[in-house]
Each structure stands twice: as C-alpha cells, then as structure tokens.
Amino acid sequence: MPRARKSLDDRIAALEEAKRQAEARLAALTAKKRTEDRKRDTRRKIVVGGAVLAHAALHPAFADALRGVLRVAVTRDMDKAVLADWIGEASAPAPPAAD
C-alpha cells in the first residue's frame with residue numbers, strides 16, 4: 001500500500017516548526033556564550049587587578065603612578081568610595097563651603 005504524501009502545507013508547517021526550534025536553540029547558545037564571556041572577562045579583571053596591586057606593593061613609584069591614573073580614570077562616586085583609602089580621596093563629595 002503506498003504511503004500518503006504530505007501536503008505542501010504540512011511540509012511548510014514542519015519546516016517552520018524546525019526553524020522555530022533552531023532559532024530557540026541558537027538564542028540559548030548565544031545567551032550562554034555571552035554569560036561565559038562576561039564571566040571570563042570578570043575573572044580576567046580580578047587577576048589583572050591582583051597582579052597590578054601586588055606590583056604596586058613592591059614598587060612605590062608604580063603605586064604612585066597607579067594612584068594618579070585611578071584619580072583621573074575613576075569617576076563614579078560609588079567606585080571612588082571603594083578606592084578611597086587606596087587613592088587617598090574622600091569617599092563622599094565635600095559639602096559646599098558656607099559664605
């Protein structure tokens with residue numbers, strides 16, 4: 001007995017479903033890669049930061065240069081607060097002077 005052939009509509013629907021599933025898998029893999037890349041970048045920053053701080057502890061001239069760079073480069077108040085004891089800046093902006 002010959003097997004019934006799928007209609008064009010059925011074949012289109014099957015391909016559209018396969019496409020939807022492939023797009024969902026692609027989106028999941030893309031999100032996973034983005035997450036892994038972000039984790040790797042964060043870990044890299046931690047390692048580099050540790051190496052820079054260790055080097056600064058051994059070399060006062062480098063530590064002074066690093067403080068200068070950080071004073072210029074770190075602009076957000078919350079970041080300055082974290083580094084205040086290390087870079088020698090107040091953790092909060094000074095109140096305006098009274099006249």
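For Glu16, the salt bridge (Lys or Arg N to Asp or Glu O under 4.0 Å) criterion is met by no residue, not counting sequence neighbours. A search for side chain to side chain contact (heavy atoms under 4.5 Å, CB included) contacts involving Arg34 returns Thr30, Ala31, Arg38, not counting sequence neighbours. Taking the salt bridge (Lys or Arg N to Asp or Glu O under 4.0 Å) definition, one finds that Arg76 meets it with Asp79, sequence neighbours left out. Shown here are the salt bridge (Lys or Arg N to Asp or Glu O under 4.0 Å) partners of Lys33, two or more places apart in sequence or in another chain: Asp37. When the side chain to side chain contact (heavy atoms under 4.5 Å, CB included) test is applied to Leu58, no partner is found at least two apart in sequence or on another chain. For the side chain to side chain contact (heavy atoms under 4.5 Å, CB included) test, residues two or more places apart in sequence or in another chain that qualify with Asp9 are Ser7. Every residue meeting the side chain to side chain contact (heavy atoms under 4.5 Å, CB included) condition with Val47, not counting sequence neighbours, appears here in chain and number order: Arg43.
Side-chain contact check for Lys39 versus Thr35: some heavy-atom pair is nearer than 4.5 Å.
For the atom pair OG1 (Thr75) and NZ (Lys80), the distance works out to 7.0 Å, reported to the nearest 0.5 Å.
Of all heavy-atom pairs between Lys6 and Asp10, the closest is CB-CB, 4.2 Å. Closest of all the heavy-atom pairs between Arg11 and Arg5 is NH1-NH2, 3.6 Å.
Sorted by first and then second residue, the ring-ring contact (aromatic ring centres under 6.0 Å, His included) pairs with a member in residues 31-51 form an empty list; sequence neighbours excluded. Listed by first then second residue, pairs satisfying ring-ring contact (aromatic ring centres under 6.0 Å, His included) with a partner in residues 5-48 number zero, not counting sequence neighbours. Within the structure, every pair that satisfies the side-chain hydrogen bond (donor to acceptor under 3.5 Å, both in side chains) test and touches residues 45-58, not counting sequence neighbours, is listed here: Asp41-Lys45.
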Could you pull out all donor-acceptor pairs under 3.5 Å where a side-chain atom in residues 59-67 meets a protein atom, sequence neighbours excluded?
from  : atom 1 : to    : atom 2 : distance (Å)
Arg67 : NE     : Trp86 : O      : 2.9

Without placing hydrogens or testing angles, list every side-chain donor-acceptor pair under 3.5 Å for residues 18-25, not counting sequence neighbours.
from  : atom 1 : to    : atom 2 : distance (Å)
Arg20 : NE     : Glu17 : OE1    : 3.2
Arg20 : NH2    : Glu17 : OE2    : 2.6
Gln21 : NE2    : Glu17 : OE2    : 3.0

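Taking hydrophobic clusters as Ile, Leu, Val, Met, Phe, Trp and Tyr residues chained together by side-chain heavy-atom distances below 4.5 Å, Val74 shares a cluster with Val48. Grouping the Ile, Leu, Val, Met, Phe, Trp and Tyr side chains by contacts below 4.5 angstrom, directly or via other members, places Leu53 with Leu83.
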